[in-house]
Every structure is written in C-alpha cells, then in structure tokens.
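The block underneath contains the structure these notes are about, expressed in structure tokens.
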Amino acid sequence: MRRSVAALAAGIVSCAAALAGCGTPAEPSDDASAPPSTSSVTPTSTVSASVAQARCEESPPGGPVEHSLQDFAFGSGSATVSLALPGQDAHCYSYPRWGNLDPAVPIDSLLFLFKGPGSDGVTIEMLVGDLTQQTDVNARVTVAIDGTTYQGEGCSVELTALSSAGVAGAFSCPTTTAVFGNPFAPLDDPESEPPTSAPLATATVSGWFTAAP
C-alpha cells in the first residue's frame, strides 16, 4: 500500500536531521536565467521562483532508457511546473531537486522531490512496477504553491530518460484538487483544514522534470 507523500516527506526530513548520509539536498544555481539543456540528461538547477511561461513549455532532456532501475542516486535536477486555476492564466515555477539521493522510498515507488525556499515544491511519485516495463506511466503529482497544496492521483508521465545517468520526463494533470497537508511544511507548522462544506479548489498542472547524479 502506498504511503502518503506528506508522511514520506516528513520521514525524509527527520532522517536527514539524524543521519548525515540519509540525503543531500541539491544546491540551487545562482543563475536562474540559464535555460535547461535539451540534449542531455544532465539538468540545470534553478532557484525556486516564478519563471517565464515559456520555460514550462520546453521539452525535457532525453537519455538512455533502462528498466532495471539500478544504481539510482540523484543529487541534482529541477522540476518546472505550470499551474492554472479555473478561469485564470497559468503561472510557471521552477524548483531544484531535494531530498534523499535514492528516490526508491517507499520501495514500491520512485519518489522525486523538488523544493524551493519556504514550503513550496513539487513531488512526483511513480510505481516501480510500471517503470520496469514502460515509459508512459501514471503518477501522483503534488504541488505546493503560495500556501495551497494541489494533488493529482492519475497524472500522466512520459519519460524521456530512465537510467542511473538520469531520469527525465513530462507530466500532465488535467485536474488536481486542493488537499490538506503540505509535504514540505515544517512538522510544527499549523495548517488549517479546508471546510468540508465548500467545494475544493482545483487546478490544472503540467510541466517537466530532470534528476541526475
């Protein structure tokens, strides 16, 4: 059974505080304007911030595809995500790779986390069973932006690279729903649960990501 992303991220934070070797967060680049590479799986890390919408419309880099999923240890990378509320223009954001080097947490999934300053970020979780057979898979995508967390359970991911040299792909979530529980918020950070009487906010989310050693 798949554990919640919030619980997994909380475990990652606790583990990182107790063991220096549990995970090494990626250091963002000082140059937020440099465009990501489109010819190699080696990504360009960017400072987490609002970026031009054209960045979200770029394609992820390509690379080798090996379904063995062995020797994965990724300390760099970025996720570029476009979020659009109903009736509003989309906004594009970029977040650097964050969390454990090994994304196989839990063991039945690959969980990629990307986080900026504060508690904004993106998580992408894909089942190992799917990744050992195909490159077009479903994923759980969670996006925390400006105090609201949106989650899509059946988002589509098209992988363009899958090996120990790097993982990259494009994701699309036609509908995500506001949820209670930001996986990047501090454990002692109070969060108000949305009222059950009001319709939950929704958003359309899409983008692409890269992860590399």
Side-chain angles (χ1 to χ4, degrees), residues 2-3 5 8-9 11-12 15-16 21-29 31 34-46 48 55-82 93-116 121-143 152-173 183 205-213:
R2 298 168 69 182
R3 300 166 56 195
V5 172
L8 289 169
I12 290 172
C15 187
C22 181
T24 303
E27 292 293 334
S29 169
D31 183 6
S37 170
T38 56
S39 60
S40 168
V41 298
T42 303
T44 299
S45 296
T46 57
S48 174
R55 179 79 65 85
C56 281
E57 297 170 0
E58 294 177 358
S59 298
V65 173
E66 301 171 1
H67 293 285
S68 61
L69 311 184
Q70 295 180 351
D71 303 321
F72 278 6
F74 305 124
S76 64
S78 63
T80 304
V81 56
S82 174
Y93 305 85
S94 185
Y95 302 94
R97 176 83 169 94
W98 181 82
N100 288 343
L101 295 180
D102 183 359
V105 180
I107 58 174
D108 63 345
S109 302
L110 294 188
L111 176 61
F112 293 92
L113 299 98
F114 306 87
K115 179 183 180 298
V122 180
T123 75
I124 302 170
E125 184 179 2
M126 299 170 283
L127 290 174
V128 166
D130 294 340
L131 295 171
T132 57
Q133 303 178 49
Q134 57 201 61
T135 54
D136 292 343
V137 300
N138 290 328
R140 175 189 292 167
V141 176
T142 303
V143 180
E153 292 288 343
C155 303
S156 62
V157 175
E158 181 181 354
L159 294 170
T160 56
L162 181 66
S163 74
S164 60
V167 177
F171 56 90
S172 177
C173 310
V205 169
S206 62
W208 55 277
F209 71 99
T210 64

For S82, check side-chain hydrogen bond (donor to acceptor under 3.5 Å, both in side chains) against everything at least two apart and list the hits. Q53

Closest non-hydrogen atom pair between H67 and L131, with its separation: ND1-O, 2.7 Å

Where T160 and P61 come nearest, the two heavy atoms and their spacing: OG1-O, 2.5 Å

Under 3.5 Å: donor-acceptor pair, side chain of D102, backbone of A104: yes

Considering all heavy atoms of both residues, which atom of R97 and which atom of G75 are nearest to each other, and what is their separation? CG-C, 4.2 Å

Please answer whether the main-chain N or O of Y95 pairs with a side-chain N or O of S78 as donor and acceptor at a distance below 3.5 Å. no

Would a distance-only check, ignoring hydrogens and angles, find a side-chain to backbone donor-acceptor pair under 3.5 Å from S163 to A165? yes

By side-chain contact (heavy atoms from CB on, under 4.5 Å) - contacts of S156 (at least two apart): S172

Which pair of heavy atoms, one from C56 and one from Y93, lies closest together, and at what distance? SG-N, 4.2 Å

Output all residues satisfying ring-ring contact (aromatic ring centres under 6.0 Å, His included) with F112, sequence neighbours left out; order by chain, then residue number. F209

Closest heavy-atom pair and its distance - E158, D136: CG-OD1, 3.2 Å

For S94, is there any backbone N or O sitting under 3.5 Å from a side-chain donor or acceptor partner on T80? no

